[in-house]
Amino acid sequence: MNILSLLIFSPLLFGLLVLVLPDSLRNLFRYITLFATLLQLVLSVWLYIHFKTGPNFAGISNEGQYQYVEKVHWIGLNLGGMGKMQIDYFVGVDGVSILMLVMSSIVMVIAALSSWEINKNHKGYFALFLLLDMAVTGVFCSLDFFLFYIFYELMLLPLYFLIGIWGGVRREYAAIKFFLFTLFGSVFMLLVMLGLYFSVKDPATGYHTFNIIQMMNPANYDKDSIFSILSHQTLLGFPARTVGFIVLFIAFAIKVPVVPLHTWLPDAHVEAPTPVSIILAGVLLKIGGYGIIRICLGIFPEVATSGAFWLGLLGVISILYGALNALAQRDLKKLIAYSSVSHMGFVLLGIASQTAEGVSGAVMQMVSHGFLSTMLFYLVGVIYNRVHNRDIYSFRGLGTLLPRYTVFVMIAFFASLGLPGFSAFIAEAFSLLGAFNSHVFNGLLPTWMAVCGSVGILLSAGYFLWTLQRMFFGETHLKGGDIWKLALTDLGKREMIALVPLALLTLALGVMPSLAFDKINDSVLALIQFMHTK
Amino acid sequence: METVLTHSDISVIQLAVTAVVLPFVAFLLNLFIVPRQSKLSGVLSGLAIGASLALSVFVFFEVWNQPALHVQQIWFTVGSTQIRLGIWLNNLSVLMLLLVSAIALPVHVYSIAYMKGDNHYTRYFAYLSLFCFAMLALVVVDNLLLLYAFWEMVGFASYLLIGFWFTREKAIQANKKAFLMNRIGDVALLTGIMLVYTHYDTFDIVTLFGDHSLATAAATATATKSVTIAGLCFLAGAVAKSAQFPLHTWLPDAMEGPTSVSALIHAATMVAAGIFLLGRVYPLFNTEVLTVIAIVGCFTAFMAATIALTQTDLKRILAYSTISQLGYMMMAMGIGAYSSALFHLATHAFFKCLLFLAAGVIIHEMQHLKRKHRLHIDAQNINNMGGLRKIMPVTFITCCVAALALIGFPLTAGCLSKDGILIQGFAWAEGKGWAYSIIPIGAVLTSLLTAFYIGRLMFKVFFGESGLEGISADSEPEAHEENPLLYLPMILLALGSLFPLFSLNPLKFESAWIVKGFADMVNKTESSGELVPFLISALSVCVVLIAYGVYVRQKLQWLKFKGVLFNMSYNQWYIDTFYNGIIVRAVVGLSRAASWFDTYVIDGIVKLIAGTGLVLSRISAWIDRYIIDGIIHSITYFVKQAGNFIRGFQTGRVQGYLFTMLIIVLALYILKTFI
Amino acid sequence: MSMLSDFMFISAGLFCIGIYIVLSKRNAIQILIGIELMINAAILNLVAFGKYDDLANSGQVFALFAIVLAAAAVAVALAIILNVYRQYKTIDPAKVERLKD
């Protein structure tokens, strides 16, 4: 069995194990889950270490350059006159996805660690958790659109239940909102996927194919098919390829989330239990960004180039709008949710710039935000578990009461606001650099967008510092009085185990960005070149 | 570009790196290993910075007026761009290296005594070492990105130190404000760096601004708009860090931190980083930007001096004095007096640091009195002080030296550097039209104001009687200033504020070695300038005498008027009021509006869509129930009714059936036969 | 020589009497008698038409059959009536209406 497939399906095996074991062993489930995620982490780190770099391993639009590839015929249906329907189980990684894999497996370990707080229906929870884990990993590896779509949809189901059953007070509302939002995007994605399928033919077999990499090659399109570059077909009065791009973009933009498609995020985050918040912010949002890079840019490069201005604009709006909203929040978790919107705006801005710096910065931002948002949500979870309150104004002077906790909050906050030495600084600096450079390099984005993006950095300092000042400094004053004072104990051992590696990782990435950049450079360069030869 | 480095050069660079890294090691040790409140931490940090100083001295003598040393190695690669990290040791960086460690050492020593007994003694020294590391690194790095990184890091260290007593409401307000205002400058600086990168495609300072640099070549060839904008962005960065108008209001508030921190960070080193930055990227600036720099600097110098006239908080006066002096340096940079600006930076570091350390001692003394007599007074208010010269002679004498240096009294270091700026200012304005001469004249005015406010400070604090009713300070029999760790650093700094350290000729600034170390833009002509310093010195003495008259002899009381001008000065030109009232409120309001928009408009639209879906589903449910189902129901009803009707025929009577049959047969027969 | 039509008239008369009895009487036995009358009317016709089949005399044969059958039917019918009486304690067909739906 291919190591990548092992990576994808090992959580599923453990999930089945959890299902099979009797309920009397429920205290064991969390250890099984933790073990599964740790195993996955080991595998992904192995992949990362053995990942070969160099222009011959760039990936993107060249099937031969992907690594750890496994390609098996999966579904074959003879449709008679319409040819043969061929769906492959086709997985592989390039520079962009390897980082996502490592990041998501680390986040999963932390999420598993924070699942200790779960106190009802263990079996269901951990089985769903592991199913989600599998789906997420699968999305990052799939190179067949059909497989991608299956994994993509498969994520929704466990998440819906995880939020809807183990969530907060308004969990059902949040769960259904999240579900409908995402489904809305993916249903239309299905249509475009089918359209692409009927447009593209595998040159080797002559049959239609779902292969994403084949879809990137304009020569593989049928001459008069709907998405062919040459045929200039229209859909609803618009050029078909533009419509296809927009539909796919909306599907992924909901995930990212891009303003104005973001309103599911604060609700989902606020209601979700801590580990699910961690997965949502740490991994799920990245699937949006990853999808935009891999699929929107890969399959519709010329539309992405002509629409770069609008992508950049949406990115800038997300940055500023998310930051302003974060500034106005009273609920700590909501504040962090909006800060996610703001930070993910940098991803979009970097991608829209279509420069090597910008796209590298965007990928880096995804990784960095993966770790940082995990840390932030974990920290919110710590305090919420203790006193079941998250209102910023309920706390004051926590620094005296919880010194260790405050140290980690400060690390997370300052790292998030882009203090040099932490990963977010490198990520945001290069996203912005790409945006600045775009003006000279390819003329896609005007300079004012980059400047507005920089203002986002200023605003993020504003809301994080204000929160620090309001919650953590000053004389200790708690809304719940002495009861809370007793309940608020400083970080325990398990919590330290979760937080220290995250802090070290973001520090390591900030000091040695080459840890990430070395792996992605070739892919990013290949992507940029690919975009500009179109 | 790539020069072959000799063996000794490499060792110099290694020593420089060691000098930078040592405080960082101390930071790590203090953070993770040294137990809380251990005396070890102060010693550790002090030793680290002491070693840094020793190494800096060595490096200084190796590099000063020698060819610059530059090493770099690849840090990481983005796309096809290699980002390198390295250090560049030229006159400017080794001077700063020496200056920072030379100021930091006395402050460390002072802090050991000053912070004694604090609950977070170790944490204090950890932060202080972190700051020293960042500051030392800032001055030697060769890469704009790294420069920015350390630029922010010093800001971060300053944030930590201002908010060191994080339970004090004022302190945490102040550190937030400091960081945010610095962030404004940082964003501008980052923008500037990005613009430079897009223009020249490199972050390397040596390539950009070194000898035969890209920027110089470009600036002379085409003064493009984007270069001007980039220059203004760098200026904005420096304005925030060096607390220049309009981003200066954080510095007075930053005085909430420990006084030793104010001395090191907010008087001598970090705030000077803005000037250093301008010096580092000097070739980037074209004439327009330089003029803007001069105007900003001159205006700030004047404004801050006027504010310092009326403040009553000891540290606040010194803070505004710092702003004013930094304005001087800024102005000097703007008029091309590059060397004088750096010279003034160096001299100012000594005497201003000294003034702050003295202020720390005085405040300690006042707090002591306050506790002793159970008074409810502000220990930092100069109106409560007075007559302290008798009980604190060392402080008094060192303070006098520093104050004289600040005024620019002959034989002090301040005299040399200030004269340099003023002379070059007049030389610069010469032949440029009357509007340009406003700048040197403003500088002279500021210089006189400086003499007045520092005179006021000295007289109020050290002369006359105690401002406290019934308590005369000299009646205290206890020993003061007994801790040599407190006053030794002050004496050292006082010696540094005198002329011999900088020049053997106390009257000619051109003979100072710092000035000789840098090439100037303005030719140092021996024109009308020669007379200026003497004139100003004489005037300053007069002003000091007036201050003496006002505050000690209680004459000329009309000078103590309280009119519009007084209010303007006392309220710091209402700038902070404006910021809090307008800008902060605007941003908060905007964020509220955004939140409202998000909840009610965007989420409203989502909910509207959801609601529309619900309504549609209700309608279709109604249709389903009453129309579609209704049709089915009516069909079945009809069939049922028909069945019921026909059922009536089934009477069960045999004869009836027979009769019916007969009728039907007959009917059929009749039909068949007759129709 | 009587005419064929005479037989037919008698037969029709018998049949009508039989129908009348069947429809109007409230007694099952009487109805049975009415039925017998109708059968006999039919038999009379058979015999009358049998004149035209000299060779096989099928009319007479049929008549014999019909008489036998009628006798059998009467037996069965009487048995039913007996059972009906046992069940309902009446032999008025108008009161036996359980066949109604």
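Only heavy atoms go into these numbers, but all of them, side chains included; no hydrogens, no water, no symmetry mates. It should be emphasised that the depicted structure is a prediction, and the values quoted were computed from it without experimental measurement. Each chain gets a letter, A, B and so on, in the order the sequences are listed, and its residues count up from 1.
Neither the backbone nor the side chain of B:Lys177 comes within contact range of chain A, judged by heavy atoms closer than 4.5 Å. For a residue to count as touching a neighbouring chain, one of its non-hydrogen atoms must lie under 4.5 Å from one of that chain's; by this rule A:Phe422 does not touch chain B. Only the side chain of A:Asp267 comes within contact range of chain B, judged by heavy atoms closer than 4.5 Å. The part of A:His262 that comes within reach of chain B is its side chain, from C-beta onward, which places non-hydrogen atoms under 4.5 angstrom from that chain. Contacts between A:Ala429 and chain B at a heavy-atom distance below 4.5 Å involve backbone atoms as well as side-chain atoms. There is no contact between A:Leu320 and chain B, counting heavy-atom distances below 4.5 Å. In this structure, chain A has no heavy atom under 4.5 Å from any part of B:Ile229. Interface remark: B:Thr81 contributes side-chain atoms only to the contact with chain A (heavy atom separation under 4.5 Å). When heavy atoms are compared at a cutoff of 4.5 Å, A:Val524 does not approach chain B at all. Proximity to chain B (any heavy atom under 4.5 Å) is restricted, for A:Met410, to the side chain, taken from C-beta onward. At a 4.5 Å heavy-atom cutoff, the contact between B:Val606 and chain A is made by side-chain atoms alone.
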- Message: As a quick check of understanding, evaluate side-chain contact (heavy atoms from CB on, under 4.5 Å) for A:Leu417 and B:Arg183, giving each step before the final call.
- Response: CA-CA 10 Å; A:Leu417 64 81; B:Arg183 210 73 214 293; 3.7 Å; yes
- For the pair A:Leu465 and B:Tyr159, evaluate side-chain contact (heavy atoms from CB on, under 4.5 Å) and give the outcome as yes or no after the intermediate values. CA-CA 10 Å; A:Leu465 289 188; B:Tyr159 171 87; 3.5 Å; yes
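At a heavy-atom separation below 4.5 angstrom, chain B is approached by A:Ser454, A:Val455, A:Ile457, A:Leu458, A:Leu459, A:Ser460, A:Ala461, A:Gly462 within residues 453-463 of chain A. The contact list for residues 131-152 of chain B toward chain A, using heavy atoms and a distance under 4.5 Å, reads B:Leu145, B:Tyr148, B:Ala149, B:Glu152 by residue number. Near-neighbour residues of residues 444-452 of chain A relative to chain B, defined by a heavy atom under 4.5 Å from a heavy atom of that chain, comprise A:Thr447, A:Val451.
Between A:Phe436 and B:Tyr197, the ring center distance fails the sub-6.0 Å criterion.
The aromatic rings of B:Phe166 and A:Phe473 sit tilted, their planes meeting at an angle between 30° and 60°.
Put simply, of A:Phe414, A:Tyr338, A:Trp264, the one with the most heavy-atom pairs under 4.5 Å next to chain B is A:Phe414. Ranked by heavy-atom pairs under 4.5 Å with chain A, the first of B:Ala610, B:Ala593, B:Ser595 is B:Ser595. Contacts with chain B were tallied for A:Leu261, A:Thr355, A:Leu324; A:Leu324 has the most, counting heavy-atom pairs under 4.5 Å. Your options are A:Ala323, A:Ser523, A:Pro513, and the one with the most heavy-atom pairs under 4.5 Å with chain B is A:Pro513.
Smallest separation of non-hydrogen atoms from B:Asp603 and A:Lys177: OD1-NZ, 2.7 Å. Across all their heavy atoms, B:Ile602 and A:Pro260 have their closest contact at CG2-O, 3.5 Å.
The distance from the CZ atom of B:Phe179 to the CG atom of A:Leu419 is 5.5 Å, given to the nearest 0.5 Å. Between the CG atom in A:Asn521 and the OG1 atom in B:Thr77 there is a gap of 6.0 Å [rounded to 0.5 Å]. The CD atom of A:Glu357 sits 7.5 Å away from atom CD1 of B:Ile83, with the distance rounded to the nearest 0.5 Å. Rounding to the nearest 0.5 Å places CH2 of A:Trp466 at 13.0 Å from CD1 of B:Ile172. Residue A:Asp518 holds its CG atom at 10.5 Å from CZ of B:Phe76, rounded to the nearest 0.5 Å. How far CG of B:Leu590 is from OH of A:Tyr321: 10.5 Å, rounded to the nearest 0.5 Å.
For B:Asp598 and A:Lys334, the salt-bridge test fails: no basic side-chain N is under 4.0 Å from an acidic carboxylate O.
B:Met194 places a side-chain heavy atom less than 4.5 Å from the side chain of A:Leu432.
For B:Lys176, there are no salt bridge (charged side-chain N to carboxylate O under 4.0 Å, His left out) partners, not counting sequence neighbours.
No more than 12 heavy atoms of other residues, nucleotides or ligands lie within 6.0 Å of CZ in A:Phe184, so this atom counts as exposed by the packing criterion.
Under the 3.5 Å distance criterion, the side-chain polar atoms of B:Trp75 are matched with a main-chain donor or acceptor of A:Val511.
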